[in-house]
Amino acid sequence: FEYMADFNVDGAVDLYYDNSKKLATTATGIDVTGTATMDGLTVQTTNGTNVLLESSNSYQYLQFKNTVETNNYLGFVADDFTLTAANKKYLQVENGGDISFYEDTGTTAKFFWDASEERLGIGTTSPAKLLHLSETGDGTKLRITRGGLCEWDFSIGNTSTLTGVGAGALELLPLNAGTTNEFAIGLAGSATPLFHLKNDQNYFAKKVLVNTTAVHDGAAEMLQVTTSGGAGAGYGINIKEAAAGGGTMLRFNTAGSIV
C-alpha cells in the first residue's frame, strides 16, 4: 500500500510520488518538495514580497540555463550580490555599496567604486583620489577625444615615448596636426592664456619672447630677450623691459661681458 493523494475536507491536499509527498497545499499557499519544472512562472502579490528565496547555507542563487550555457547565476554570497555568466564572476555589489566589475576571466576586479570614500578606481581596488587610474605597463593611461577635431593621450612609462624624457614622466601626446596640437593654460572665464605652447615650441604667451623685437598680437610682453643693437654695435644679447618706453635692463657684449 502506498499513498498517491490525500484529500482532507476543509484542509490540505497532498500529492505523492512513489509514496513520497511532493506537493502540499496549505492555508497560505503550496509547499513543493524537490524541483518544480514549468513552462513559465508569473508571481503576483499584494503584500510587496514578490519572490522569497530561503537557504540554510550562506548563499542563495538563481540559475539560468539555455541551449548555449547553463552556468549563469544571480545571487548572494553572505550579503554580497554577484552576477556570474559562463561560471565567471563579472559583477559584485558588496554590503556597504562597494561595486566591482571584473575582467574577462572573472577573477580580478578592474573597475571599482569605493562607496564609503566616494572614489572610482580603474585598475585598482584601493583608489586614493576621486579618480584613480592604475596599470603596471607602459603607455597611454588616459585619452581625451573631441570627435572630429583632436585627441590627446596622457602617457606614463618606465620607458618614455619622447626622446630625452626620463622614466616616469607624464607625457601629453596629441594625435593631431596643426593648431590642434597646441597646449595652453589659462584662468577659467578669461580668454587670455597664462601659458601657450605653439607648434614652433618657443613661444610663451605674454611672458618672454626670445630673439625678437616684435610685439605679439598687439600686446606688450613683460620681457624681451633680443639681439636688437646687433653684434655690429658691439652687443650680442639684450634683456629689456618690453613695455612702451622700456629701456635695456641688462646687456651682454660680443666679448661675453655684462654692460
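These numbers come from the heavy atoms of this one structure, side chains and all, not from hydrogens, waters or symmetry mates.
Looking at every heavy atom in both residues, Y102 comes nearest to L91 through CD1-N, 4.2 Å. Across all their heavy atoms, T140 and E135 have their closest contact at O-OE1, 4.2 Å. Residues T124 and F112 come closest through the heavy atom pair O-CB, 3.6 Å. Contact between A85 and Y90 at its shortest, heavy atoms only, is O-CE1, 3.6 Å. Of all heavy-atom pairs spanning A167 and N158, the tightest one is CB-O, 3.0 Å. Taking every heavy atom of both residues into account, G139 and K141 meet most closely at O-CE, 3.2 Å.
Judged purely by distance below 3.5 Å, without hydrogens or angles, the side chains of D114 and S116 pair a donor atom with an acceptor atom. Side chains of T145 and E151: a donor on one and an acceptor on the other come within 3.5 Å.
A donor-acceptor contact shorter than 3.5 Å links the side chain of Q63 to the backbone of T70. The closest donor-acceptor contact from the side chain of D98 to the backbone of A115 lies under 3.5 Å. When atom types are taken as modelled, the side chain of N72 and the backbone of A86 share a donor-acceptor pair closer than 3.5 angstrom. E103 places no side-chain N or O within donor-acceptor distance of the main-chain N or O of K110, the cut-off being under 3.5 Å. Using modelled atom types, one side-chain atom of N66 and one backbone atom of V68 make a donor-acceptor pair closer than 3.5 Å. One N or O on the side chain of D80 and one on the backbone of N95 form a donor-acceptor pair closer than 3.5 Å.
Heavy atoms from other residues, nucleotides or ligands lying under 6.0 Å from OH of Y3 number 12 at most. Other residues, nucleotides and ligands place no more than 12 heavy atoms under 6.0 Å from the OH atom of Y17. More than 12 heavy atoms of other residues, nucleotides or ligands shown are found within 6.0 angstrom of CG on L170.
Checked against S155 for a side chain to side chain contact (heavy atoms under 4.5 Å, CB included), the options L173, V165, L172 give a single hit: L173. Of the listed residues (F81, Y73, F76), just one forms a ring pair (Phe, Tyr, Trp, His ring centres under 6.0 Å) with Y61, and that residue is Y73.
Considering only heavy atoms from C-beta on, N71 stays 4.5 Å or farther from T84 through its side chain.
No chain of hydrophobic side-chain contacts below 4.5 Å, direct or via other Ile, Leu, Val, Met, Phe, Trp or Tyr residues, connects L23 to M38. V13 is not connected to Y16 by any chain of hydrophobic side-chain contacts under 4.5 Å among Ile, Leu, Val, Met, Phe, Trp and Tyr, and they are in different clusters. Hydrophobic clustering (side-chain heavy atoms under 4.5 Å, transitive across Ile, Leu, Val, Met, Phe, Trp, Tyr) keeps I156 apart from L162. Follow the hydrophobic side-chain contacts under 4.5 Å out from L62 and you never reach Y59; the two are in separate clusters. Tracing side-chain contacts under 4.5 Å through hydrophobic residues (I, L, V, M, F, W, Y), one reaches I185 starting from F154; they form part of the same cluster.
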